[in-house]
**Student:** 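One structure follows; several queries about it will come next.
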Amino acid sequence: MESLQKKSNFNMSEWMVKYPQLGTGLLFVVLCIIFIIFSPTNKAGDNVFLTAQNWTSILESTAGFSIGAFAMALVLLTGGIDLSAGAVMAFTGMVVAKLMEHTSLPLPLIIVISLGLGLLSGLFNGFIIVRFKVPPFLATLGTAGILQGLGYMIADGKSVYVTNESFTRIFGFGQFLGVPMLAWWTLLFTIIMYLLISKTKFGRRAQAIGGNEEAAHNSGINVSAMKCAAYGIMGLVSAFVVLTTIGRLGSAVPTQGQGYELQFIVAAVLGGTGFSGQGGNVFSVLLGSLVLGVLLNGMTLVGVNYYLQAVIKGLVIIMAVIVTLQLSRKK
Amino acid sequence: MESLQKKSNFNMSEWMVKYPQLGTGLLFVVLCIIFIIFSPTNKAGDNVFLTAQNWTSILESTAGFSIGAFAMALVLLTGGIDLSAGAVMAFTGMVVAKLMEHTSLPLPLIIVISLGLGLLSGLFNGFIIVRFKVPPFLATLGTAGILQGLGYMIADGKSVYVTNESFTRIFGFGQFLGVPMLAWWTLLFTIIMYLLISKTKFGRRAQAIGGNEEAAHNSGINVSAMKCAAYGIMGLVSAFVVLTTIGRLGSAVPTQGQGYELQFIVAAVLGGTGFSGQGGNVFSVLLGSLVLGVLLNGMTLVGVNYYLQAVIKGLVIIMAVIVTLQLSRKK
Amino acid sequence: MDKGNELLLELKNISKRFYGSYALKDASFQLRKGEVHILCGENGAGKSTLMKILAGVQGKDGGEILLEGRPVSIGSPLEARELGIAIVFQELSLSPTITVAENLFLNREFGRFFVNRKKMYAESRKILELVGLKCDPNVLLSSLSIAETQLVQIAKALSMNAKIIIMDEPVSSITEEDTDKLFELINGLKRQGVGIIYIDHRIENYKRIGDRVTILRDGCVIETLDVGTATKADIVERMVGREISQLYPKTSKPTKEVKLKVQGLTDDKIKNINLEIYKGEVFGLAGLGGAGRSEILRMIFGANKINRSGIVEIDGKTVRIRSPKDTMKVGMGYVPEDRKLQSLILFRPVSFNLSLAFLDLFGKGPFLNNSKENQIVDEQIRSMQIRMLSKKAAVKELSGGNQQKVVLSRWLINDKLNILLVDEPTRGVDVGVKYEIYKMIDELANAGITILLVTSELSELMGLCDRIAIVREGEISGILERDEFDQTAIMHLCVH
Amino acid sequence: ACGGSTNKSNEAKPSSSAGASGTAAPDNSDLIKDGIGTDFGFGPIGHDMEGLVKRMGAKAEGLKIGISVSTQENDWMVEWVKSLKKMCETNGLECIVTDAQGKPEKQVEDLKSLQNQNVDGIILFPQEEKSLVQVLGQLEGKIPVVPTIPIDGAKVAAYIDVNQQLKGELGATALKAAFNGEQGNILVFDLVGRVDFAINRIEGFTRAVEKIPNLKIVETQSYGTAEEYLSATKNILASREEINAIYTPYGVSMVAAAQALKQMNRKDVKIVGVDGDVVILGLLKEGWITGTNPQSPQQNGSIGLFTLLRLINGENVQSPVWEPPAYAALWATPENAEDFSMKLWGRAPVGSN
Ligand SMILES: Nc1ncnc2c1ncn2[C@@H]1O[C@H](COP(=O)(O)OP(=O)(O)OP(=O)(O)O)[C@@H](O)[C@H]1O
Ligand SMILES: Nc1ncnc2c1ncn2[C@@H]1O[C@H](COP(=O)(O)OP(=O)(O)OP(=O)(O)O)[C@@H](O)[C@H]1O
Ligand SMILES: [Mg+2]
Ligand SMILES: [Mg+2]
């Protein structure tokens with residue numbers, strides 16, 4: 001009996017340590033199977049859940065969360081958290097929309113401006129956190145209020161309709177080689193962030209900071225600069241994510257981005273990122289946000305009541321984390 | 001020059017370590033002065049900010065935040081965080097309102113039921129956190145989704161009108177000895193929570209856990225039980241806080257409690273509570289939530305633009321934390 | 001019955017596995033009343049694990065515990081305490097966010113529901129006086145130094161009125177003076193019939209208090225000896241399974257070339273430190289705990305950010321020090337005193353920790369060359385003989401000695417290394433690894449690297465250094481040449 | 001010039017809503033008595049604010065009007081406040097605006113704060129109706145408060161009523177015309193926080209649909225954000241292929257649904273509903289929406305202020321004061337979208353350039 005237990009334990013835990021994304025992957029597969037079973041079929045007799053259209057929709061609605069979650073994973077790796085990501089989106093999104101509709105600046109310039117503002121917002125977070133040692137939770141919550149307010153002020157509380165078709169195609173519903181643009185963007189960011197976190201010195205140092213800040217400092221790492229950079233990247237990425245929201249909606253709403261920060265965090269954690277530097281595998285995080293995306297899509301498809309959706313989503317989040325943790329935690 | 005600096009430093013830091021609420025107190029006074037200066041005068045020529053009526057209003061609107069912040073401070077002391085407090089409010093509040101309006105159960109029983117549900121919700125959080133080692137941030141976020149959904153389901157997303165006058169007086173706008181009931185409740189909870197956190201064995205052990213969980217465990221403390229208790233208390237207190245919200249509004253709204261958890265956290269941190277067991281002085285936390293209460297009241301009174309209010313609130317939160325930290329941090 | 005022979009505790013065939021490999025294998029052990037029983041063995045031999053099982057902190061996989069002849073099960077720290085077992089943990093086991101008094105009486109507070117603070121305060125005073133710690137029991141624990149914290153831990157265990165007291169490396173971070181006081185106390189407890197299990201890597205201490213010594217190796221009990229008759233060599237040989245003849249392999253000679261010059265280094269803990277250290281010299285800093293030795297190293301390396309003044313010159317050139325980066329650039333390395341808190345990313349693997357400070361060695365530009373990293377790391381692991389279960393294993397799973405090797409290796413992979421600041425490199429490290437570290441220091445010095453060494457073991461300083469500077473209350477009170485080394489002279493300069 | 005569009009839009013609505021909605025017939029005799037006046041471009045009904053102020057004479061001097069608004073997060077509310085402020089300004093009234101920032105508690109505080117500042121009367125746009133009943137009870141008799149939409153059970157001197165059910169009926173009628181006898185399967189988008197106005201609109205819609213044989217509501221769902229509505233529209237249209245119409249009782253879901261149709265390039269699905277900001281009117285003009293009942297914030301605010309001033313003047317106001325049917329029943333179609341946009345918002349619909 002003892003040896004049996006040992007054997008099964010060994011296999012599972014070894015695997016899970018090597019491939020931490022397995023837990024999330026498992027969940028993803030299970031969800032897909034459930035939804036395939038319960039999905040209605042369309043007139044052509046296809047399983048709706050499996051149609052290309054539906055997966056386009058899943059990929060499009062998940063793109064923003066994935067991209068943001070990558071950056072959030074980086075912030076979490078440095079031992080921080082960013083609750084202002086959604087507000088950065090609200091703010092920079094309004095700037096983009098206003099500039100697009102009310103000026104004749106070229107689109108690339110507008111995008112650069114807004115990404116720059118996102119970067120600055122993030123650096124501001126980083127500055128407060130490293131200079132004054134304000135806990136990231138509070139610092140970013142404060143920044144969130146500021147940026148949200150600024151966003152409202154810019155738009156005077158109104159939504160701004162975006163008519164630039166090339167914009168809404170590139171960042172919204174356009175396709176390239178039959179694949180949604182947003183999927184391409186996700187792919188691009190997956191690669192960039194994977195390289196950044198797992199393959200560069202920068203990523204290595206970020207991980208060290210989350211693991212032990214003092215040790216990182218004593219190893220010659222400029223902890224303050226690194227942290228600022230992480231928050232800066234988070235801000236920049238948030239500013240990018242809002243482009244996809246605006247692109248998809250064809251308009252910028254003052255409340256855009258609300259709650260995104262939590263989605264980012266949830267996806268990052270479902271992808272095995274811990275709150276003090278553990279994990280940080282970009283592919284797992286991608287799986288984490290796909291789990292969320294498929295869940296929401298599937299529930300709507302199957303016709304689950306919205307209120308029940310909230311309940312189920314809550315349950316799935318908890319269970320997913322439990323499964324991931326239990327599997328990846330060695331005895 | 002050196003000696004001078006040393007001297008002034010000494011005084012300040014000594015004081016701040018002994019009386020950590022000084023930073024927040026200072027902020028409170030400054031805010032009051034600002035609002036007194038800029039407040040309009042009413043027809044009787046009184047400074048509106050200083051009228052008894054206005055302070056009644058401040059106390060009433062701050063009560064819920066203070067009471068919840070005390071419990072949140074306890075959770076923070078154990079090294080945790082509870083993002084489900086607002087959802088507990090949404091859920092138990094709906095139950096209370098539905099029971100009050102659609103059954104003839106006696107009021108005390110209804111209240112006991114709802115506090116019990118709050119307690120259970122909190123214990124559920126605690127269970128997930130200690131049994132499965134799910135990070136509190138995620139566990140409580142998941143629970144929040146579940147409870148929010150349940151709250152909506154109970155009322156089918158509609159608000160429920162509460163007609164029981166004795167209820168709305170006791171928990172809402174009633175007065176006793178010329179002082180608002182809600183101020184009495186605040187006082188009661190201040191005393192209870194002060195005793196609980198600072199004077200009882202329970203409180204001292206809770207704080208030990210936040211500082212070094214393993215050490216607490218090694219001292220024979222049942223860390224799991226203690227944590228469950230902290231979340232349980234948070235749930236119970238949230239269920240109480242929503243009584244005051246319902247009492248003040250005379251109705252239960254499905255979105256009630258939304259964002260309260262963050263307010264609790266902000267107030268607790270403004271009151272010098274850290275994210276790993278530092279601080280936890282109930283009087284400071286009270287001051288922290290009064291700062292928030294006065295700020296919101298004053299800004300509305302002075303007629304600050306709505307959007308600007310968000311900006312200012314964000315700035316004040318950041319500055320307040322900086323001031324508190326800088327002053328209380330020994331050189 | 002003879003008090004000294006009455007059996008207090010018996011551990012029979014205790015086993016414990018981690019990840020399938022044995023940390024303890026059929027370990028048996030006896031403790032008599034009024035006895036100080038020393039437990040010794042290499043890092044990772046299983047000493048702490050055995051004690052944790054006894055303290056109810058860790059479960060066992062097999063075996064039996066008999067207390068005064070009765071079999072007992074110790075499922076939790078509380079049960080251990082109720083059975084009269086108290087422990088001073090090797091790792092810090094106090095909570096920084098509550099006061100000293102609250103820590104002392106954690107989970108056994110006075111009062112029914114509310115804590116009786118008056119009584120707690122008064123009792124705390126008494127307990128602290130016992131170990132000679134003069135601090136207000138009402139201050140937060142976080143305001144104490146490491147040494148003071150350790151004393152609080154000891155005081156806490158002593159105040160339990162336990163039948164059995166376990167001390168897992170209690171003196172590793174306290175001063176000689178405090179150690180003397182502790183030994184006096186232990187002798188007192190012996191007389192009261194308390195059984196004490198004592199763990200320490202300093203074999204010199206055994207004779208001062210020990211009655212018997214049990215040697216553990218790889219989780220197995222090798223032998224129990226009488227301290228009175230056993231020689232140091234006996235013990236060491238059983239511990240490491242081989243002989244270590246000469247403890248301090250000093251062969252290096254300093255050059256006459258000034259490598260590191262420190263002028264007027266001052267901050268709020270140290271005053272006007274002036275040093276001139278030669279290339280290839282092993283330069284030691286002696287002093288009592290809290291004298292400021294570590295602070296000097298931190299300041300030279302740039303690890304502290306606080307306002308500072310003074311000049312650090314390397315090869316005659318002033319170095320502007322804003323952060324460790326500046327000093328690392330000119331070839332300095334730093335091994336801090338607390339490897340877990342200050343050096344290691346505990347849940348990351350060895351390779352991660354090894355390469356952390358010099359990532360630029362593993363590829364130009366922003367990217368890391370993983371195969372190059374693996375190659376260099378493997379080389380280093382081999383040459384330093386770092387032992388671990390798997391290369392992927394987290395560094396926290398390594399024993400203390402091997403962790404220390406990882407920290408040292410971090411600096412050695414830099415071929416431009418020319419000054420190494422080392423703070424307490426042998427703390428909590430077994431004799432075998434100690435010897436390896438001594439050898440390494442000598443080799444480095446021979447290779448022309450300047451070493452600034454802080455250790456609280458005077459014999460180490462005297463055995464390894466070319467010169468020793470004595471630090472007293474943040475100031476240098478004297479510098480001795482190797483031929484002037486003398487224990488009493490140094491101690492004299494330390495205290496006054 | 002305006003008459004044309006009015007007539008056109010009136011065609012789409014049932015001639016009298018009284019029977020269908022079951023509420024009292026809108027009686028605008030009060031307004032009509034007063035007469036006269038401001039033409040918002042949709043017909044001759046309006047009210048003579050200047051005349052009223054003149055009539056009040058000294059009573060109008062130094063008046064402090066409190067405006068309590070639910071939120072400033074959408075165009076309609078922003079415009080509502082702006083137009084009210086402007087009306088106060090042009091008539092020499094001081095006004096204090098408070099914004100509840102979407103929080104019912106805050107609105108209660110706001111009302112108390114206005115009371116503390118001794119305003120002479122309050123115009124109220126509620127965030128959450130039921131939660132104001134209590135505080136309005138406390139203000140009763142002290143300060144006249146005029147909610148510009150009904151608050152069930154609230155004791156107020158007078159309130160403005162809007163025939164929400166009629167708005168629902170308009171949608172049903174429009175769909176009937178659009179489907180012209182073919183089968184219409186309808187998806188209804190509710191709100192997550194189910195406020196009265198949405199409930200009533202949907203109720204009116206449902207009732208009217210029940211009487212139309214070829215129309216059927218096959219699905220009701222509610223969501224929170226525009227993005228959720230966008231994704232949901234795509235998902236639901238994919239999974240329920242029979243759905244070919246969407247009813248949306250308010251702007252956020254309408255924009256999102258129309259945007260989804262636009263992205264999927266599906267003009268076969270017909271969207272009808274309530275609200276009509278420039279974005280909606282733009283999408284309408286492009287044909288992604290079949291028809292909508294645009295609401296005029298200026299008009300809603302202006303009736304509110306007008307009624308409040310009359311109360312302050314001690315006139316006998318019969319409550320509720322109904323929104324004039326000509327406004328209640330406005331119906332915008334792709335053809336007149338531009339016209340509506342110019343009149344309601346003073347600018348062209350977005351996206352039509
Ligand atoms: N919690 C744990 N998880 C995994 N392995 C462990 C754990 N605790 C101890 N070990 C392993 O068990 C073995 C015995 O460790 P233990 O701490 O008992 O050694 P020790 O004799 O006290 O050494 P030291 O002198 O360094 O304190 C070591 O190989 C160690 O790595
Ligand atoms: N990591 C640290 N950060 C800040 N202050 C410290 C730190 N470690 C020790 N101190 C404090 O700084 C002062 C100087 O301590 P330092 O560590 O330099 O002394 P030391 O001679 O090395 O003695 P020890 O044996 O305690 O390490 C002491 O008062 C000590 O309490
Ligand atoms: Mg040990
Ligand atoms: Mg030291």
Side-chain angles (χ1 to χ4, degrees), chain B residues 39-44 46 48-49 51-58 60-62 64-65 97 148 152 155-163 165 168 172-173 244-260 293 296-301 303-307 309-310 313, chain D residues 62 64 66-73 77-78 81 94-120 126-138 151-154 190-196 198-199 220 222-224:
Chain B
S39 156
T41 47
N42 63 13
K43 284 191 183 137
D46 301 327
V48 176
F49 181 75
T51 55
Q53 237 178 355
N54 192 51
W55 277 91
T56 301
S57 172
I58 290 175
E60 283 180 357
S61 62
T62 320
F65 293 134
Q148 187 72 59
Y152 275 118
D156 191 22
K158 295 183 199 173
S159 28
V160 178
Y161 187 47
V162 171
T163 47
E165 177 107 353
T168 52
F173 59 93
T244 69
T245 331
I246 298 176
R248 284 171 64 221
L249 293 181
S251 67
V253 196
T255 54
Q256 66 201 348
Q258 231 168 48
Y260 268 66
L296 289 189
N297 174 282
M299 286 198 297
T300 303
L301 211 61
V304 177
N305 170 294
Y306 344 104
Y307 310 136
Q309 287 196 13
K313 197 179 155 198
Chain D
K64 242 202 289 190
I67 299 169
S68 170
V69 60
S70 54
T71 170
Q72 292 286 274
E73 287 185 2
M77 292 312 325
V78 172
V81 170
E94 189 189 337
C95 75
I96 302 173
V97 186
T98 61
D99 172 14
Q101 294 161 0
K103 297 182 196 97
E105 297 96 311
K106 173 90 167 48
Q107 192 151 36
V108 170
E109 288 315 314
D110 287 349
L111 289 174
K112 287 185 178 167
S113 180
L114 289 173
Q115 182 192 16
N116 291 348
Q117 295 177 62
N118 296 100
V119 295
D120 297 289
Q127 166 65 29
E128 208 292 322
E129 292 90 351
K130 290 197 181 78
S131 63
L132 289 166
V133 173
Q134 179 171 302
V135 66
L136 289 176
Q138 289 164 9
I151 300 178
D152 244 5
D190 202 343
L191 270 75
V192 167
R194 302 194 55 206
V195 283
D196 289 346
I199 294 171
T220 301
S222 35
Y223 297 93

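Atoms considered below: every heavy atom in the structure, side chains included; atoms not considered: hydrogens, waters and symmetry mates. Owing to the predicted nature of the structure, the values given are computational and were not obtained by experimental measurement. Letters go in sequence order (proteins before strands), and every chain restarts at 1.
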**Student:** Return yes if a side-chain donor-acceptor contact under 3.5 Å exists between Glu105(D) and Ser61(B), otherwise no.
**Tutor:** no

**Student:** Under 4.5 Å heavy-atom distance to chain D, tell me which part of Gln309(B) shows up: side chain, backbone, both or neither.
**Tutor:** side chain

**Student:** Measure the spacing between OH of Tyr307(B) and CG of Asp99(D) and express it to the nearest 0.5 Å.
**Tutor:** 7.0 Å

**Student:** Using modelled atom types only, decide if a donor and an acceptor are shared between the side chain of Lys130(D) and the backbone of Ser159(B) within a distance under 3.5 Å.
**Tutor:** yes

**Student:** Tell me, for Val97(D) versus chain B, whether the close heavy atoms (under 4.5 Å) come from the side chain, the backbone, both or neither.
**Tutor:** both

**Student:** Val160(B) versus chain D, heavy atoms under 4.5 Å apart: side chain, backbone, both or neither?
**Tutor:** backbone

**Student:** To the nearest 0.5 Å, tell me how far Ser113(D) OG sits from Leu296(B) CG.
**Tutor:** 11.5 Å

**Student:** Hey, what do you get for OG (Ser39(B)) to CG (Asn116(D)), rounding to the nearest 0.5 Å?
**Tutor:** 9.5 Å

**Student:** Do Thr300(B) and Glu109(D) have side-chain heavy atoms sitting under 4.5 Å apart?
**Tutor:** no

**Student:** For Gln138(D), is it the side chain, the backbone, both, or neither that has a heavy atom closer than 4.5 Å to a heavy atom of chain B?
**Tutor:** side chain

**Student:** Does any heavy atom of chain D fall under 4.5 Å from the side chain of Ser57(B), the backbone, both, or neither of them?
**Tutor:** both

**Student:** With a 4.5 angstrom heavy-atom cut-off, could you sort out which part of Val108(D) is near chain B: side chain, backbone, both or neither?
**Tutor:** side chain

**Student:** For Ser251(B), does its backbone N or O pair with a side-chain atom of Gln134(D) as donor and acceptor, under 3.5 Å?
**Tutor:** no

**Student:** With chain B as the partner, which of Gln117(D), Gln107(D), Lys106(D), Lys112(D) has the greatest number of non-hydrogen pairs under 4.5 Å?
**Tutor:** Gln117(D)

**Student:** Checking Gln72(D) now: which residues fulfil side chain to side chain donor-acceptor pair (under 3.5 Å) with it, not counting sequence neighbours?
**Tutor:** none

